[in-house]
Amino acid sequence: MVRVYLDNAATTPLLGEVKDAMKDSMDLHFGNPSSIHHFGRITKTAIENARKSIAEKLECSISEIYFFSSATEASNLIINQCVQGLNVERIITSPLEHPCVLKAIEKEKSNCEVVYLDVDQEANLDLEQLSNYLENPCKTLVSLMYVNNELGTINPISSIYQMCQEHLALFHTDAVQAIGKVPVNLSHGGINFMTASAHKFHGPKGIGFAYINGNNNINPSILGGAQERNMRAGTENVIGICGMHKAFDLAIEHSLERMNYITSLKTKFKEGLLALDKNIKFLGDPQKTVPHILNVSFPASEFAEMIMFNLDINGICASAGSACSSGVEHESDVLQAIRHEKGRKAIRFSFSHLNTKEEIDYTLEKIKSFA
Ligand code: PLP
């Protein structure tokens with residue numbers, strides 16, 4: 001059966017080169033990186049090489065990169081420690097954040113004030129409101145994502161960090177959907193914390209990293225050994241780190257060519273959809289979206305109701321912006337925040353450089369046949 005994978009914002013397939021790097025690591029790095037003998041040292045070296053490569057490409061210091069089991073773990077720690085350790089009194093965020101950020105913030109509500117920025121129907125943040133909030137000089141953490149995972153919207157990160165710098169607010173950004181998709185550079189020092197995840201850029205699952213600016217000393221939540229310079233105890237996931245290292249290098253090195261190619265797929269798909277039905281809409285601000293995410297809003301109809309089911313039985317993997325519980329359709333928090341029109345059906349298609357033009361043709365042909 002034909003399978004077309006258009007859910008690359010959920011996760012991406014491992015690349016052959018990444019698998020090879022992980023296989024090599026399985027053979028070579030069985031030593032405990034905390035051991036001082038030969039086998040420990042070669043494992044430790046592999047971990048430090050990964051850290052060095054990531055730091056160099058992001059233009060930060062090696063000592064500012066920490067490995068975690070996921071972006072979720074890293075974002076949870078940062079948010080919790082900003083309140084518990086750095087005495088943040090207020091968090092400014094938005095309703096468009098990933099649940100790993102929103103729920104971590106929710107947990108701190110009894111210890112600090114939380115405010116959510118307004119967003120318009122194209123998912124643009126109200127930056128004037130941010131500026132007004134920042135006028136109140138209490139110790140603040142701003143947590144706003146680099147790229148939205150449901151809509152692909154790129155947030156104006158440099159305007160945000162400039163405002164934060166001006167008002168001495170801390171700034172955390174979830175860059176999970178940004179790495180390899182948009183240029184990310186930390187040399188300006190305006191970002192205090194940034195989190196990322198390997199499986200979104202063709203690396204393995206269960207490994208991610210955080211950038212923690214050297215001026216912000218936060219405490220660990222997992223205690224034990226001195227791994228990750230005491231930031232995250234537990235013997236390192238060496239094979240995962242080696243896979244992430246390879247995937248990260250490739251994602252940065254080939255970013256431009258991958259994104260140009262993905263843009264051509266996305267344009268072809270958009271044109272094909274509009275030829276089918278001019279009432280189809282694309283969610284988010286088209287001027288400010290990443291190439292790999294396209295959220296398509298289909299007009300209310302029986303066709304739209306059945307589209308996820310029909311895509312799936314035809315081997316096409318995409319993602320719905322709503323879930324059904326007890327027979328009632330619930331739109332995602334993001335769709336609710338941008339006031340997605342009731343009755344319309346939003347489906348997120350997300351691409352990678354591994355997709356082909358033939359797959360786009362096949363998907364369009366199938367969607368046409370459902371109508
Ligand atoms: N943040 C964003 C924007 C995401 O898309 C995801 C993954 O779905 C995460 C965080 C969570 O990443 P991880 O799977 O590494 O916990």
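We count ligands from 1, going down the list as the structure has it; atoms in each ligand are counted the same way. Throughout, numbering of the chain's residues begins at 1 and tracks the sequence. The basis for the numbers below is simple: all heavy atoms, side chains too, and nothing from hydrogens, waters or symmetry mates.
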Next on the checklist: Taking 4.0 Å as the limit for heavy-atom contacts, which would you say applies to Ser70 with ligand 1: side chain only, backbone only, both, or neither?
Outcome noted: both

Checklist outcome for this item: The closest protein heavy-atom partner of atom 4 (C) of ligand 1 is His98 CD2, 3.3 Å

Next on the checklist: Once you restrict to heavy atoms under 4.0 Å, what part of Lys200 touches ligand 1? Side chain, backbone, both or neither.
Outcome noted: side chain

Item to check | Worked verdict on Tyr66 versus Phe209 for ring pair (Phe, Tyr, Trp, His ring centres under 6.0 Å) | outcome: CA-CA 5 Å; Tyr66 296 88; Phe209 70 87; over 10 Å; no

Checklist entry - Is Arg232 paired with Glu73 through a side-chain N to carboxylate O contact shorter than 4.0 Å? => result yes

Item to check | Residue part near ligand 1, for Thr72, under 4.0 Å between non-hydrogen atoms | outcome: both

Checklist entry - Any link between Leu294 and Ile367 through a network of hydrophobic side chains (Ile, Leu, Val, Met, Phe, Trp, Tyr) touching at under 4.5 Å? => result yes

Checklist entry - Is a salt bridge present between Arg51 and Glu48, judged by a nitrogen-to-oxygen distance below 4.0 Å? => result yes

Next on the checklist: Return the closest protein heavy atom for atom 15 (O) of ligand 1 as residue, atom name and distance.
Outcome noted: Ser197 OG, 2.6 Å

Next on the checklist: Suppose I only count heavy atoms of Cys100 and a 4.0 Å limit; which atoms of ligand 1 are within that range?
Outcome noted: 10 (C)

Checklist entry - Ser297 pairs by side-chain hydrogen bond (donor to acceptor under 3.5 Å, both in side chains) with which of Lys345, Lys281, Arg344? => result Arg344

Checklist outcome for this item: min-distance protein heavy atom vs atom 5 (O) of ligand 1 -> Gln177 NE2, 2.9 Å

Checklist entry - Which of the numbered atoms in ligand 1 are below 4.0 angstrom from a heavy atom of Ala71? => result 12 (O), 13 (P), 15 (O), 16 (O)

Checklist entry - How does Met145 reach ligand 1, if at all, at less than 4.0 Å between non-hydrogen atoms: by side chain, backbone, both, or neither? => result side chain

Checklist entry - Any sub-3.5 Å donor-acceptor pair from His167's side-chain atoms to Ala169's backbone N or O? => result no

Item to check | Sole residue of Thr173, Asn216, Asn215 in side-chain hydrogen bond (donor to acceptor under 3.5 Å, both in side chains) with Asn192 | outcome: Asn216

Checklist entry - With the threshold set at 4.0 Å, does a side-chain nitrogen-carboxylate oxygen contact exist between Lys103 and Glu106? => result no

Checklist entry - Does Gly208 have a non-hydrogen atom less than 4.0 Å from ligand 1? => result no

Next on the checklist: Any atom of ligand 1 sitting under 4.0 Å from a heavy atom of His199?
Outcome noted: yes

Checklist outcome for this item: If we number the atoms of ligand 1 from 1 as shown, the ones under 4.0 Å from a heavy atom of Asp174 are 1 (N), 2 (C), 3 (C), 10 (C)

